[in-house]
Amino acid sequence: MEPRSDERPLPQDVGRAFYIFRRGQPVCPPAGRSVVIVQGARMAKQHDMPEDLFRVRHSLAHIMAEAVLERYPDARPTIGPPVENGFYYDFAVGQPFTPEDLDAFEARMKQIVKGNYEFKRREVSEAEARRIFAANPYKIELIDGLASGAGDDMGDEEEAQPAGQAISIYSQDTFTDLCRGPHVASTKEINPDAFKLTSTSGAYWRGDEHNAMLQRIYGVAFRTRRELDEYLQRVEEAKKRDHRKLGRDLDIFVFDDEVGPGLPLWLPNGGILIEELERLAKEVELRAGYDRVRTPNLTKEDLFLKSGHLPYYAESMYPPMELEGVKYYVKPMNCPMHHKIFAAKQHSYRDLPMRLAEYGTCYRYEKSGELFGLMRVRSMQMNDAHIYCAEDQFEQEFMGVIGLYLEYFKLFGIEKYVMRLSTHSPKGLGRKYIDNEALWLKTEEMVRSAMTKHQVPFVEVPDEAAFYGPKIDVQIWSVIGREFTLATNQVDFAQPGRFNLTFINREGKEETPLCIHRAPLSTHERMIGFLIEHYAGAFPVWLAPVQAMVIPIADRHVAYANQVAGRLRAEGMRASVDDSTERMQNKIRKAQGQKIPYMLVIGDKERDAGAVAVRLRTGEDLKAMPLEQFIARAVPIMKSRAPDL
RNA sequence: GCUGCCUUAGCUCAAUCGGCAGAGCAAUCGCUUCGUAAGUGAUAGGUUUCGGGUUCGACUCCCGAAGGCAGCUCCA
C-alpha cells in the first residue's frame with residue numbers, strides 16, 4: 001500500500017468521522033468517551049484534549065503572557081486558549097513581535113516554569129474584576145460578556161455561562177489573568193523542555209475582521225521533549241509532501257507571476273490527472289443518470305441578480321465588463337445557467353429527477369491572502385451538477401449523492417474526512433441567508449433525518465450554510481493541517497423559485513422543484529491538490545502521468561524499448577522510453593523520483609526473449625517476465641483503477 | 001484584504017563590515033554502453049523580483065510595488 005495522508009494523527013479513541021468541531025477545528029473527545037455526538041455537539045471545553053495537557057497548555061499561555069508583559073509592559077493580553085498541539089495568546093500591542101522577541105519570551109518562560117510557581121485561583125465579584133483589569137479594555141469587554149452570561153477568555157462564545165456566576169481569576173508569580181481555568185497547581189507540572197514558541201501573526205479581536213488586529217503568538221506543548229521532537233519531525237515530514245512542492249517536482253502545475261496569482265497553469269502531467277478525473281466522473285455520472293450540459297463562462301448581470309448571488313457574492317466575483325451598456329460577469333458558479341437549461345423546456349413530474357452535470361470553469365476573486373497553492377485558487381473547474389427533484393424524491397437523490405462521495409472515497413482510499421451538516425444561524429437570516437426560517441428548519445431537518453436514517457455519521461455546525469440552503473460538506477485537511485471543504489452537497493430551496501422553475505405534478509398543477517447542488521469530486525484544483533498530498537505524489541496506476549518507464553540498459557536496446565512502449569500504448573498505457581545516455585541506475589533513480597509505478601528494464605536477455613524486467617516503484621523487483629505477462633498484470637490494474645501495482 | 005516575514009541561475013542554497021555574484025542538482029554538447037536509486041568531461045545559464053533613493057561604490061542600507069510564506073478573515 002502507498003502511504004496515506006495520515007501524518008497528522010487524529011485524536012485517539014475516536015471513530016472515524018466522529019469527532020467534534022469547535023471553531024471549525026476538530027478537537028479531541030472527552031477522555032474515556034469514544035464516540036461523540038453527531039448533532040449540536042457542545043461539550044465542556046476542558047475535555048477537548050487529555051486534561052493534563054489542557055492544563056499544561058493553558059498554563060503556558062498564562063506564563064507566556066507574563067513573559068510578554070515583562071518585556072512589553074504596555075501590551076494588553078486578550079484571549080489565550082489551549083489548542084490542538086499547543087496554545088496561543090493574543091495581545092494588543094504597539095509593535096508586532098519579532099523572532100528575537102519570541103526567543104526571549106521562550107527563554108523567560110523556561111525560567112518561570114522552573115520557578116515552581118503556584119497557580120492560585122480566586123473568585124472575585126464583578127466589581128472587583130473590573131477594578132483589577134481596569135487598564136485592559138479587552139478584559140473589560142470579556143467581563144461585560146461574563147456578566148451578561150456570554151463566553152469567557154477561551155473565546156468560546158457559544159458556550160454560555162449562567163449570568164451572574166462567580167468570576168474567577170488565576171495568578172502565578174507576577175501575572176494575574178481573568179480565567180475560568182483549570183490550570184496546573186504549580187509550574188513544576190510543566191516540562192520546560194517540552195514546549196516551543198513557533199510563530200507570530202496578526203489575528204482579529206474576537207475573530208472579526210472589522211475589529212482591531214492583535215498580535216498572536218503560537219506555541220506547541222507536550223508532556224515530554226520526545227513528544228515535542230516527534231511533533232516537529234512530523235511537521236518537517238509533512239512539508240515534503242506539500243502539494244505545492246510535489247506539484248513542481250512532478251511537473252503537475254506552475255503559477256506564473258505574469259499570468260496572475262491563483263491562476264494555475266496545468267503542465268502535461270497535470271493535464272493527464274484532469275483527464276483521468278473527468279473520465280471517472282463521466283463514467284460514474286452516466287451510470288447515475290446525469291445528463292451533461294455546457295454553458296458559457298460569461299453571463300449578463302441580470303442572471304446573477306436573479307439568482308441572488310450578486311448581493312451575497314459580489315465581493316468574490318471578478319468585476320464586470322461593460323459592453324454596449326450591458327454588464328457581463330465571468331461566472332463564479334454554474335447554477336444559474338443550469339436553472340436556465342431546466343427552464344428552457346416545460347417539465348412533467350415524469351422528467352424528474354433531472355440531473356444536469358458540467359465540469360464548468362468558474363472564476364472567483366479570492367482575496368490575495370486567501371490563496372493557497374491549488375487548494376484555494378481563482379480559476380477552478382468544478383465537478384458540478386444540479387439535481388432538480390420533487391420533494392418526495394429528495395431523500396433518495398440527496399443520499400444518492402452521499403453514495404457517490406462514499407464510492408469515490410473508497411476508490412481513493414480517503415479515510416480521514418468529516419461530513420459536516422452546515423446549517424443557518426438565526427442571526428444571519430436576511431444577511432448571510434435567505435430570510436425564510438421555516439424553510440431553513442424544514443430543509444435542515446430533511447437532511448438531518450436522511451443522514452441519520454442512512455446511518456451516515458456527521459457533525460452539525462451552525463452558521464456554515466450556503467445562502468440558499470443547508471449542505472453537507474466533506475471536510476479534509478491539507479498535509480500541513482489546514483482544513484478545507486473538499487466536496488459539497490447542498491440543498492437549494494431558494495433559487496428554483498427565483499427562476500420560476502416548475503414542473504407539472506401528478507395533479508396537473510405547477511410545482512416548484514427542489515434543487516441539489518453537488519460537487520463530489522470537488523474542483524480539479526482542490527481535488528488534485530488534495531490527491532497529490534494524499535498519495536504523496538505516488539499516484540495509483542490509473543492516475544499516474546507516466547505509468548511505465550521503459551529503461552534500455554544500452555543504446556542497442558533502444559529499438560526494442562520503443563517497441564515495448566508502443567505495445568503498451570496500444571493497450572492504452574502511458575509508457576515512455578528513457579533513451580538518454582545515462583546509466584541504467586541513473587534512469588531508475590530519475591523514474592523513482594517521478595514516482596512512476598512501473599520501471600521496465602531492458603537488456604540483451606529481455607530483448608532476446610521478448611520480455612521486460614519489472615521493477616515497481618516500491619523497490620520490489622519482479623524480475624524478467626514476458627511482455628504479455630506484464631500487460632496481463634498491469635492493464636487490468638490500470639483499467640479497474642485498483643490501488644495495487 | 002489585514003499583521004509579520006521572505007524574494008540571488010530552471011530547482012535548492014552560498015556570498016565576512018557596503019568593495020570583482022558562487023556551488024550542487026537540472027539543462028546543453030561530448031566521452032562512456034553499463035543489470036535495479038546519482039559514470040565522466042566540458043559548456044551555457046544573472047539588470048541579485050521590479051521601480052525609486054542614499055553612497056565613490058548596493059545582493060547587502062532606506063522607501064514603494066509585485067509575488068510568495070505563516071497566521072487572521074473568507075472559502076469549492
Side-chain angles (χ1 to χ4, degrees), chain A residues 24 88 90 93 95-99 101-102 198-218 239 242 244-245 248-249 251 254-258 260-262 313 315-316 332-333 362 364-377 380-384 464 466 471 473-474 476 480 482-488 490 517-527 529-530 551-558 581-593 599-606 613-617 619-624:
Chain A
Y88 69 79
D90 288 345
V93 60
Q95 287 289 319
F97 300 118
T98 65
D101 286 330
L102 244 60
T198 51
S199 63
T200 61
S201 73
Y204 300 107
W205 166 237
R206 300 216 139 164
D208 186 332
E209 64 179 321
H210 304 295
N211 288 343
M213 178 154 275
L214 311 170
Q215 294 300 319
R216 174 171 299 181
I217 304 176
Y218 278 99
K239 284 181 188 162
D242 188 312
R244 293 167 296 183
K245 172 174 165 50
R248 191 172 48 232
D249 293 348
D251 294 326
V254 292
F255 288 97
D256 186 296
D257 287 358
E258 287 187 282
Y313 281 146
E315 267 193 22
S316 50
M333 61 274 300
C362 297
R364 297 180 184 177
Y365 195 82
E366 306 289 355
K367 293 180 196 167
S368 55
E370 291 163 352
L371 300 174
F372 179 75
L374 282 181
M375 304 294 263
R376 191 74 182 275
V377 291
M380 69 202 85
Q381 299 156 268
M382 262 198 280
N383 174 226
D384 208 3
E464 293 283 341
K471 55 181 179 166
D473 291 324
V474 178
I476 51 100
I480 60 166
R482 199 177 298 195
E483 180 182 353
F484 290 94
T485 298
L486 186 69
T488 186
Q490 313 180 341
H517 305 236
R518 41 114 281 178
L521 283 180
S522 193
T523 61
H524 283 322
E525 289 72 19
R526 191 168 286 181
M527 191 72 198
F530 173 75
I551 298 176
I553 291 175
D555 287 350
R556 63 178 179 280
H557 308 123
V558 169
T581 62
E582 296 293 340
R583 296 172 67 211
M584 175 203 64
Q585 279 84 347
N586 183 275
K587 295 176 183 178
I588 288 176
R589 183 180 156 82
K590 276 193 291 193
Q592 285 288 150
M599 282 153 267
L600 307 180
V601 178
I602 292 205
D604 291 336
K605 285 180 292 188
E606 287 76 18
V614 181
R615 177 195 164 100
L616 307 181
R617 71 174 163 221
E620 190 180 353
D621 183 358
L622 301 185
K623 309 290 184 191

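Lettering of chains follows the sequences in order, A, B, ..., and the numbering in each one begins at 1. All figures in this text were calculated on a predicted structure; none of them were measured in a lab.
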Task: Interatomic distance where CD belongs to A/E258 and C1' belongs to B/C50 [whole Å] - done: 11 Å

Can you name the atoms? Protein N/O to nucleotides 9-14 of chain B N/O, anything below 3.5 Å, with the distance.
from	atom 1	to	atom 2	distance (Å)
B/U12	OP1	A/R248	NH2	3.1

Open item on the list: Tell me the interatomic distance from A/E483, atom CD, to B/G71, atom C1', rounded to whole angstroms.
Closed with: 16 Å

TODO: Please report, rounded to the nearest Å, how far the P atom of B/G1 is from the CZ atom of A/R364.
DONE: 19 Å

Open item on the list: So, using side-chain contact (heavy atoms from CB on, under 4.5 Å) as the criterion, who are the partners of A/E620 when residues are at least two apart?
Closed with: A/L616, A/T618, A/L622

Open item on the list: Within the structure provided, determine whether A/M380 and A/S522 are in side-chain contact (heavy-atom separation under 4.5 Å).
Closed with: no

Open item on the list: Tell me every residue that passes ring-ring contact (aromatic ring centres under 6.0 Å, His included) with A/F484, counting only those two or more places apart in sequence or in another chain.
Closed with: A/F372

Each nucleotide N or O in nucleotides 33-37 of chain B that has a protein N or O under 3.5 Å away: list the pair and distance.
from	atom 1	to	atom 2	distance (Å)
B/U33	O2'	A/R556	NH1	3.4
B/U33	O2	A/D555	N	2.9
B/U33	N3	A/D555	OD1	3.0
B/U33	N3	A/D555	OD2	2.9
B/U33	O4	A/D555	OD2	2.6
B/C34	OP2	A/R556	NH1	3.1
B/C34	OP2	A/R556	NH2	2.9
B/G35	O6	A/D604	N	3.1
B/G35	O6	A/K605	N	3.3
B/G35	N1	A/E606	OE1	2.7
B/G35	N1	A/E606	OE2	3.2
B/G35	N2	A/E606	OE1	3.3
B/G35	N2	A/E606	OE2	2.5
B/U36	O3'	A/R615	NH1	3.4
B/U36	O2'	A/R615	NH1	3.2
B/A37	N7	A/R615	NH2	3.1
B/A37	N6	A/Q592	NE2	3.0

- [ ] Over all heavy atoms of both residues, which pair between A/P520 and A/N383 is shortest? Give the atoms and the distance, please.
- [x] CD-OD1, 3.3 Å

TODO: Let me know, please, whether A/K367 or A/Q490 comes out on the 5' side of the other along RNA chain B by nearest nucleotide.
DONE: A/K367

TODO: Flag the pair A/I476 / A/M375 as yes when at least one side-chain heavy-atom distance between them is below 4.5 Å, and no otherwise.
DONE: yes

Open item on the list: Using heavy-atom distances to pick each residue's nearest nucleotide on RNA chain B, tell me which of A/E366 and A/P96 is more 5'.
Closed with: A/P96

- [ ] List for me each residue that meets ring-ring contact (aromatic ring centres under 6.0 Å, His included) alongside A/H524, sequence neighbours excluded, and say none if there are none.
- [x] A/Y359

Task: Contact check, side chains of A/E525 and A/R376, non-hydrogen atoms, under 4.5 Å - done: no

Task: side chain to side chain contact (heavy atoms under 4.5 Å, CB included) partner of A/V601, chosen from A/E606, A/M584, A/K623 - done: A/M584

Task: side-chain hydrogen bond (donor to acceptor under 3.5 Å, both in side chains) involving A/Q592 - partner list, sequence neighbours excluded - done: A/R615

Task: Sugar-phosphate, base or nothing in reach of A/L486, heavy atoms under 4.0 Å - done: sugar-phosphate

Task: OP1 or OP2 of B/G1 under 4.0 Å from side-chain N/O of A/Y204 - done: no

TODO: Quick one: label A/M213 by what it contacts on the DNA or RNA (base, sugar-phosphate, nothing), any heavy atom closer than 4.0 Å.
DONE: base

Open item on the list: Applying side-chain contact (heavy atoms from CB on, under 4.5 Å), can you list everything that pairs with A/A487, at least two apart in sequence or on another chain?
Closed with: A/Y405, A/V474

Open item on the list: Restricting to side-chain contact (heavy atoms from CB on, under 4.5 Å), what partner residues turn up for A/L102, sequence neighbours left out?
Closed with: A/F105, A/L197, A/T200, A/I217

Task: Contacts of A/R556 that satisfy salt bridge (Lys or Arg N to Asp or Glu O under 4.0 Å) - sequence neighbours left out - done: A/D604

Task: Canonical and wobble pairing (Watson-Crick, G-U, under 3.5 Å) of RNA chain B, dot-bracket with | - done: (((((((..((((.....[..)))).(((((.......))))).....(((((..]....))))))))))))....

Open item on the list: Please report the distance, rounded to the nearest Å, between CD in A/E209 and P in B/G71.
Closed with: 18 Å

Open item on the list: Holding to side-chain hydrogen bond (donor to acceptor under 3.5 Å, both in side chains), I want the full list of residues that pass it with A/Q381, two or more places apart in sequence or in another chain.
Closed with: none

Open item on the list: Tell me whether the side-chain N/O atoms of A/K471 come closer than 4.0 Å to OP1 or OP2 in B/A76.
Closed with: yes

Open item on the list: Please determine whether a side-chain nitrogen of the Lys or Arg among A/E370 and A/R364 lies less than 4.0 Å from a carboxylate oxygen of the Asp or Glu.
Closed with: no

Are any protein N/O atoms closer than 3.5 Å to N/O atoms in nucleotides 66-70 of chain B? If there are, list each pair with its distance.
from	atom 1	to	atom 2	distance (Å)
B/G67	O2'	A/D257	OD1	3.1
B/C69	OP1	A/R244	NH1	3.1
B/A70	OP1	A/R244	NH1	3.4
B/A70	OP1	A/R244	NH2	2.8
B/A70	OP2	A/R244	NH1	3.1

